[in-house]
Structures are given as structure tokens and as C-alpha cells.
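These notes are about the structure you will find just below.
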Amino acid sequence: MPRIYDSRKRVLVTGGAGFLGSHLVDRLLRDGHEVLCVDNLFTGTKRNIEHLHADPHFEFVRHDITFPLYIEVDEIYNLACPASPIHYQYDPVQTTKTSVHGAINMLGLAKRLRCRILQASTSEVYGDPAVHPQTEDYWGHVNPIGPRSCYDEGKRCAETLFFDYHRQLGLEIKVARIFNTYGPRMHPADGRVVSNFITQALKGEPITLYGDGTQTRSFCYVDDMVDGLIKLMNSPAEFTGPVNLGNPAEFTMRELAELVRTQTNSSSSFVMLPLPQDDPKQRQPDITLAREKLGWAPTTALSEGLKPTIAYFRQHMAGTASAKK
Ligand SMILES: NC(=O)c1ccc[n+]([C@@H]2O[C@H](COP(=O)([O-])OP(=O)(O)OC[C@H]3O[C@@H](n4cnc5c(N)ncnc54)[C@H](O)[C@@H]3O)[C@@H](O)[C@H]2O)c1
């Protein structure tokens, strides 16, 4: 069915007080929409959205999406879910519930409203991939019973639910497989590699490398990712995804650590620790589909995106330090 909105939509962003969600909320407001941010503040924080409280087009509701929600909106971005291993392993049962019950509740809402819904899925659905780089038709190599499974399998089940609601009930769905994203408002204690390295470098502490530091990751700047999510949401109804969104430029952990050390002017040394269980050795998106279907590709180089990210961490650490005084 063709979309009949003029320009302003009422958009629900679950997880809108988190890292990615808060940037998406900013962008949707800038684009002239009304935004309802729903978040239980597990890993998100009011600080990420406090600059929006005076905006009459912004609303915040503290709510856990594992419980049903009755509201009226035109579009749903489902981002609610802790994204870093430290956070999603803190309460693994709740993590699975957030992905699975959360998806059921949000899909139920979309079904009642007959509105379009986008799922923030993840490259973790590929597990420790046997195929490199990963294309969307690769089914993955995932441990169903390991410590990361609550996240990986939860997200896989959410994808299943999205596609069953689409096939069975004709719901307009969009599934984005998000690869590592970084930028300002990342949680400084989330244990993810970018935040870890920056925090350690700014404190002058040794930078922790796991294994021999040759495992690779790709890093997408948050503004590029938000752009991709919005393009996906606005793509023709017949395009459901799943579609990889990420930056294909691949860096070893050692290369990233060296870049961070240079940009922070830090004298931190490197310390080597054993690889955590189920840690993928290589991760790189193939974004051919996103290029073709969405006309999307990231434009921010890692060396550029690190600058505002490091500036944010500096500010954040200074703020924390002064608040403690
Ligand atoms: N950042 C990345 O690199 C990345 C990579 C792949 C996928 N993703 C996905 O993107 C989404 C956003 O990730 P992020 O990096 O912004 O993480 P984040 O932890 O900063 O944000 C997640 C938000 O969801 C909220 N939340 C968690 N459980 C909830 C629940 N039950 N009900 C309501 N709110 C809940 C948290 O409080 C937080 O604000 C997640 O779904 C994540 O799986 C992110």
C-alpha cells in the first residue's frame, strides 16, 4: 500500500534513551516528526535525551517493552535491548525476554495500528561466521547455549517473529542487521572495544587487547547508521531486509588501539589477555544490498568519527570527575 503521510509522522522509538536510539530521536525531530521515546533506562540514560525535554514534539515514557504498550503512532523503530556483552549478560533471561517478548509486543502494536515497524537486529545473528564478509543469505554459526546466546538467539528469534508477522499477517516490516557502531553517547562502561580503548587511553591506563589483537572488526559512525535506518524505514514496502548496515572498512584491534592512542595523545601501553568465549575472530559486513536497495553507504572514516567520540568521552569523564567533588 502506498504511504499517505504528508511530512509529519508520530514515530515510536523503543530504546530511545540509549546510544543509537537517542541519535535516531534527534534526527527524527530534526526531520520534523513527533517522537515518542519508550525506554526502561536499563542501559539508557535521561542524560542522552535531556536536551529534548523542552521540545513540544518529544515525549518520553518509562516503560519495559516486555509488557504490552497501548499508544497511537504511525511508525515504530524497535531498538530496545542492551547491546553490549556486559549489559546483556547481566540478566540473560531479561535479555531474551526483551528481544522475544518485546518483539511480540511491538509487532502486536504494529498489527493493531497497521503501521510499519523496523527491527534493530544485529551482526551477532551470524555468530562466529564461517563466511567472510557476511552477506544476508548466510544463516550464521551460532552457539545456542553459550553466554552470548541470550542476545544472539534472542535477536534471531525476533527476526523470525518479524518475518512470520509479515508472511502471516501482511505487516510491513524492516529488519536491519546492525554491525558495530560507535560515537558520542556510547556507554563508557559497556566494555565494548571503542569505549574501552578510549577510556583506557584517556586515563593513561594500559589498553587491553584480547588474543593477539589481530581479530578484526568494522566500525560504523553513528550518524551513518541513523541515516541507514531512516532510509530503510522509508524504502518501498516490498523491501523487508534483512539488510546489513555497517562500515565494511576492517581494522584489527591493534590498529584501532593505535589510532585511539594517537588521537588521545596517550602514553598508554598495550596489555594482552586471553580471548573471551565465543568471541568472533572476524566481522565485516557486505553492504552490497544496502547500496543497491537503499542507496546507502557510510561516509565517515574511522579516523574522523573517533574525534567527536573522544571529545564526548573527555567531556563525560570531566563531568563525572567534577560531580564527584
Ligand atoms: N551499537 C551497536 O554497535 C549495535 C550493534 C548491533 C545491534 N545494535 C542494536 O541496536 C539497538 C540499540 O543499541 P545501543 O548500542 O544503542 O544500545 P543501548 O544499550 O545504548 O540502548 C538500548 C536501549 O534499550 C533500553 N532497553 C533495554 N531493555 C529494555 C526493555 N526491556 N524495555 C525498554 N527499554 C529497554 C535501554 O535502557 C537502552 O536505552 C539494540 O537493539 C542493539 O541490539 C547495536
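Indexing begins at 1, ligand by ligand and atom by atom, following the structure's order.
At a heavy-atom cutoff of 4.0 Å, ligand 1 is contacted by the backbone of L41 but not by its side chain. Contacts of H87 with ligand 1, taken as heavy-atom pairs under 4.0 Å, are absent altogether. Under 4.0 Å from ligand 1, not a single heavy atom of S123 appears.
Inter-residue side-chain proximity for R177 and V243 is flagged as unmet; no heavy-atom pair is nearer than 4.5 Å. Between Q215 and L275 there is a side-chain heavy-atom pair separated by less than 4.5 Å.
If you number the atoms of ligand 1 from 1 as listed, the ones under 4.0 Å from a heavy atom of Y151 come out as 7 (C), 8 (N), 42 (C), 43 (O). When each atom of ligand 1 is checked for a heavy atom of G44 under 4.0 Å away, the hits are 36 (C), 37 (O), 38 (C), 39 (O). Short contacts between ligand 1 and K155, defined as distances under 4.0 Å to a heavy atom of the residue, involve ligand atoms 40 (C), 41 (O), 42 (C), 43 (O). Ligand-side atoms of ligand 1 in range of N180: 3 (O), range being under 4.0 angstrom from any heavy atom. Ligand 1 places these atoms under 4.0 Å from at least one heavy atom of Q94: 31 (N). With ligand atoms numbered from 1 in the order given, ligand 1 contributes 7 (C) to contacts under 4.0 Å with heavy atoms of S121. Every atom of ligand 1 is numbered from 1 in the order shown, and the set under 4.0 Å from a heavy atom of L20 is 10 (O), 16 (O), 44 (C). Listed by number with element, the atoms of ligand 1 under 4.0 angstrom from any heavy atom of H63 are 32 (N), 33 (C).
Residue D64 has at least one N or O atom closer than 3.5 Å to an N or O atom of ligand 1. Between G18 and ligand 1, at least one N/O pair is under 3.5 Å apart.
Using a 4.0 Å cut-off between charged nitrogen and carboxylate oxygen, E124 and K155 do not count as a salt-bridge pair. Taking 4.0 Å as the cut-off between side-chain N and carboxylate O, D227 and K231 count as a salt-bridged pair. A salt bridge links R27 with D31; the closest basic N to acidic carboxylate O contact falls under 4.0 Å.
Annotation: atom 4 (C) of ligand 1 to nearest protein heavy atom, I178 CG2, 3.8 Å. Considering only non-hydrogen protein atoms, atom 18 (P) of ligand 1 sits nearest to T43 OG1, 3.7 Å. Of the protein's non-hydrogen atoms, A83 CB, 3.5 Å is the one closest to atom 17 (O) of ligand 1. At the shortest separation from atom 39 (O) of ligand 1 among protein heavy atoms lies D39 OD2, 2.5 Å. Looking from atom 23 (C) of ligand 1 to the surrounding protein, the closest heavy atom is G15 CA, 3.6 Å. Given atom 22 (C) of ligand 1, the protein heavy atom at minimum distance is C81 O, 3.2 Å. Scanning the protein for heavy atoms near atom 20 (O) of ligand 1, the closest one is F19 N, 2.9 Å. At the top of the distance list for atom 30 (C) of ligand 1, counting protein heavy atoms only, stands N40 ND2, 3.3 Å.
H33 places a side-chain N or O within donor-acceptor distance of the main-chain N or O of K9, the cut-off being under 3.5 Å. For S149 (side chain) and N143 (main-chain N/O), a donor-acceptor pair under 3.5 Å exists by modelled atom type. Side chain of S22 to backbone of I49: no donor-acceptor contact under 3.5 angstrom is found. A side-chain donor-acceptor contact under 3.5 Å links D74 to the backbone of R10.
The neighbour count for H141 NE2, taken as heavy atoms of other residues, nucleotides or ligands under 6.0 Å away, does not exceed 12.
Under the 30°/60° scheme for interplanar angles, the aromatic rings of F219 and Y182 are found to stand perpendicular. Ring orientation note: the planes of Y312 and H316 are tilted relative to one another, at an angle of 30° to 60°.
Not a single heavy atom of M186 sits less than 4.0 Å from an atom of ligand 1. Look at G102 and you'll find every heavy atom at least 4.0 Å from all atoms of ligand 1.
Among T181, V13, N105, L79, the residue whose heavy atom lies closest to atom 40 (C) of ligand 1 is L79.
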Next item on the list: Please assess N196 against R192 for the test side chain to side chain contact (heavy atoms under 4.5 Å, CB included), listing each intermediate value before the final yes or no.
Entry: CA-CA 6 Å; N196 258 4; R192 283 192 268 190; over 6 Å; no

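Relative to the six-membered ring of F270, R261 meets both conditions, a distance below 6.0 Å and an angle of at most 45° to the axis.
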